[in-house]
Each structure stands twice: as C-alpha cells, then as structure tokens.
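For ligands, and for the atoms within them, numbers begin at 1 and follow the listed sequence. For reference, positions follow the sequence shown, starting with 1. Remember, it's a predicted structure, so these values are computed and weren't measured experimentally.
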Amino acid sequence: MAGFSDKNILVLGGSRGIGAAIVRRFAGDGGKVAFTYAGSEDAARALAAETGSEALKVDSADRDAVIAAVAARGPLDVLVVNAGVAMIGDPLTLDPDAVDRMIDINVRSPYHAAVEAARTMRDGGRIIVIGSVNGDRVPFAGGAAYGLTKSAVQGLVRGLARDFGDRGITVNAIQPGPVDSDMNPADGPMAGLMHSFMAIKRHAHADEIAEYAAYIAGPHAAMITGSLQTIDGGFGA
Ligand code: NDP
C-alpha cells in the first residue's frame, strides 16, 4: 500500500541530511517527489536517481526563484520546507551578511514558499516547515541569530494555519532537537553539551524526523494544525 501514491510533493532543501531522509520517505511510499538543493549537486543527482525524484537547483535565499519553483510545481499536496542553515557564534563577530542570508533562507523563504504553495494547493493539503527546538529554547551562548529564525517559524505556522484552515490545509512546524547530519554531527564538538540537556542522550536519526513528517502529512493528521511538533529527546523539557 503506497500511502502517498499520486501525491505531488515538494521538499525545499532535500539533497542532504533531514531533507534527504524526507525525500526517501515520501518517494518510498509512492509520492511524486521533487526537491530543491543549492550547493550539493552530486548528492542531489544521486538521490534523484536512487528515489526516482526530481532534483531542482533553487537557492532558498532567492525569494523570486523559490516562489517560481513552488508555482511551477503546483498544485501541490504536500510542501515541506526543510532548507536551513545555522550560523552559531559570538554575535559580536558573526558576519552580518551571513546572518541576513540565514534569515532569508530560514524565515523569508518558508513564508513565501508556503504562501505560494497555498495559492494552488488542493484542499486538505499539508505544509510543513522544519523549525527547531531552538525556537523554544537556546540553552547555550551563540545561538541568538539561529534561534530567532526558528522562533519566527512558530509565528509563521500559527498564522498561516488560520489563513488556510477553511480549505483543510494544515500548516505545522516540526521542531527537531539534535539530529545527526552534516550540520550537527553526532560526534561533533557540541554533542556532549547538547546531550547534557536531553532526557534521551543521543542525536536523533534523520529517518526519525522523516517518519514524523510522513505522519503529519498523512490522512490521520487532518486536525493537527498551527502546531509545533517537537521531536527532541527531551531537550526542551
Ligand atoms: P544539513 O546542513 O545537513 O542539510 C541542509 C539541507 O538544506 C541541504 O540539503 C542543503 O542543500 C539545503 N539548503 C541549505 N541552504 C540552502 C539554500 N540556500 N537553498 C536550497 N537548499 C539549501 O542540515 P540538516 O539536515 O541538519 O537540517 C535540515 C533542517 O533541519 C534545517 O532547517 C535545520 O535548521 C533543521 N534542524 C536541524 C537540526 C540538527 O540537529 N541537524 C536540529 C533542528 C533543526 P545543499 O547542500 O544542496 O545546499
């Protein structure tokens, strides 16, 4: 039984890490999946060949390109906005241009992509933005700029859920805690500190986030909207 057969699914930022796991999860369940990438051409091509999905080179920092890609791919059944970057460090020395680019990718792009998707989305569609537990809690120095982008996602999904609810479209954030990926390796220098905040002291696997995304995108989650779905091993508890 293919749970997402005939569903038109777009994953923004799908070439690596959590996004790639989400592409595999939906494609493996019969979905017609396209995903975007910016820099990881080889990984994107390999994933497209492996899963039968379509790879589209679209920089999430480019608002007009993101809107055009979402419009061209519509009408969608599911939009997942996963593309994100993390600038962690002393705010007195972080490059302000890099911080602004992070805000473009992590905040402006999800907003414009979600609005554009909803323009043509079929009733009962699903919009999922990958936020972070750092939207709730920033328990270390250097996380202000990243944290502000993930807190912004919270307002975004709450508001858009109300805008599109009458069409049965749900809009939710999934808020992972530490997940093993290039962004945050399970054996990285911050791992011990992160685990110290957690009830279950390990990084999550990207597959665990993808499975949660599949549930939120599926038929049993029709009444879950405007919500923050935290999957963090108790990081924020
Ligand atoms: P990775 O760095 O491993 O992968 C990031 C993905 O996003 C890649 O596919 C990358 O594509 C894509 N991406 C980044 N910038 C752009 C861009 N400008 N345009 C298009 N695509 C882009 O990160 P993760 O998988 O760990 O993170 C995915 C999401 O999950 C992010 O939003 C992150 O903030 C969030 N998250 C991650 C956590 C973690 O511990 N890993 C915890 C909580 C949230 P490419 O390489 O082709 O540019």
>> Tell me whether R101 is salt-bridged to D97, with the criterion being a basic N under 4.0 Å from an acidic carboxylate O.
In response: no
> With atoms numbered from 1 as shown, which atoms in ligand 1 lie under 4.0 angstrom from a non-hydrogen atom of S15?
Replying inline: 8 (C), 9 (O), 10 (C), 11 (O), 45 (P), 46 (O), 47 (O)
>> Suppose I only count heavy atoms of P178 and a 4.0 Å limit; which atoms of ligand 1 are within that range?
In response: 40 (O)
> Which one holds for A38 and ligand 1: side chain close, backbone close, both close, or neither close, with close meaning a heavy atom under 4.0 Å?
Replying inline: both
>> So that I can tick it off, tell me whether R202 and E208 are bridged by a salt bridge, with the cut-off set at under 4.0 angstrom between side-chain N and carboxylate O.
In response: yes
> Going by the atom numbers of ligand 1, which of them fall below 4.0 Å from some non-hydrogen atom of D59?
Replying inline: 17 (C), 18 (N), 19 (N)
> Relative to ligand 1, is M102 under 4.0 angstrom through side chain, backbone, both or neither, heavy atoms considered?
Replying inline: neither
> How are the rings of H220 and Y215 set relative to one another: parallel (under 30°), tilted (30 to 60°) or perpendicular (over 60°)?
Replying inline: parallel
> So how far is it from D100 CG to M87 CE, rounded to the nearest 0.5 Å?
Replying inline: 10.5 Å
> For ligand 1, which atoms sit closer than 4.0 Å to a heavy atom of R101?
Replying inline: 18 (N)
> Taking atom 4 (O) of ligand 1 as the point of reference, which of M194, M190, K57, R16 owns the nearest heavy atom?
Replying inline: R16
> Where does V58 meet ligand 1, judged by heavy-atom distances below 4.0 Å: at the side chain, the backbone, both, or neither?
Replying inline: backbone
>> Considering V179, T149, I231 one by one, which has a heavy atom nearer to atom 39 (C) of ligand 1 than any of the others?
In response: V179
> Counting heavy atoms only, which of G131, S132, P176 comes nearest to atom 35 (C) of ligand 1?
Replying inline: G131
> What atoms of ligand 1 come closer than 4.0 angstrom to any heavy atom of I105?
Replying inline: 18 (N)
>> Could you identify the single nearest non-hydrogen protein atom to atom 26 (O) of ligand 1 and state the distance to 0.1 Å?
In response: S181 OG, 2.5 Å
> Can a donor-acceptor pair be found between the side chains of Q175 and D232 at a distance below 3.5 Å?
Replying inline: no
>> Consider side chain to side chain contact (heavy atoms under 4.5 Å, CB included). Of I174, I130, V23, T36, which one does N82 pass it with?
In response: I130
> Where does K150 meet ligand 1, judged by heavy-atom distances below 4.0 Å: at the side chain, the backbone, both, or neither?
Replying inline: side chain
> What protein heavy atom sits nearest atom 46 (O) of ligand 1, and how far off is it?
Replying inline: S40 OG, 2.5 Å
> At a 4.0 Å threshold, what atoms of ligand 1 neighbour a non-hydrogen atom of D182?
Replying inline: 3 (O)
>> Show me which atoms of ligand 1 lie under 4.0 Å from any heavy atom of I130.
In response: 29 (C), 30 (O), 32 (O), 35 (C)
> For R24 and T51, does a side-chain donor sit closer than 3.5 Å to a side-chain acceptor?
Replying inline: no
>> Closer than 4.0 Å to some heavy atom of G39 - which atoms of ligand 1 meet that?
In response: 45 (P), 47 (O), 48 (O)
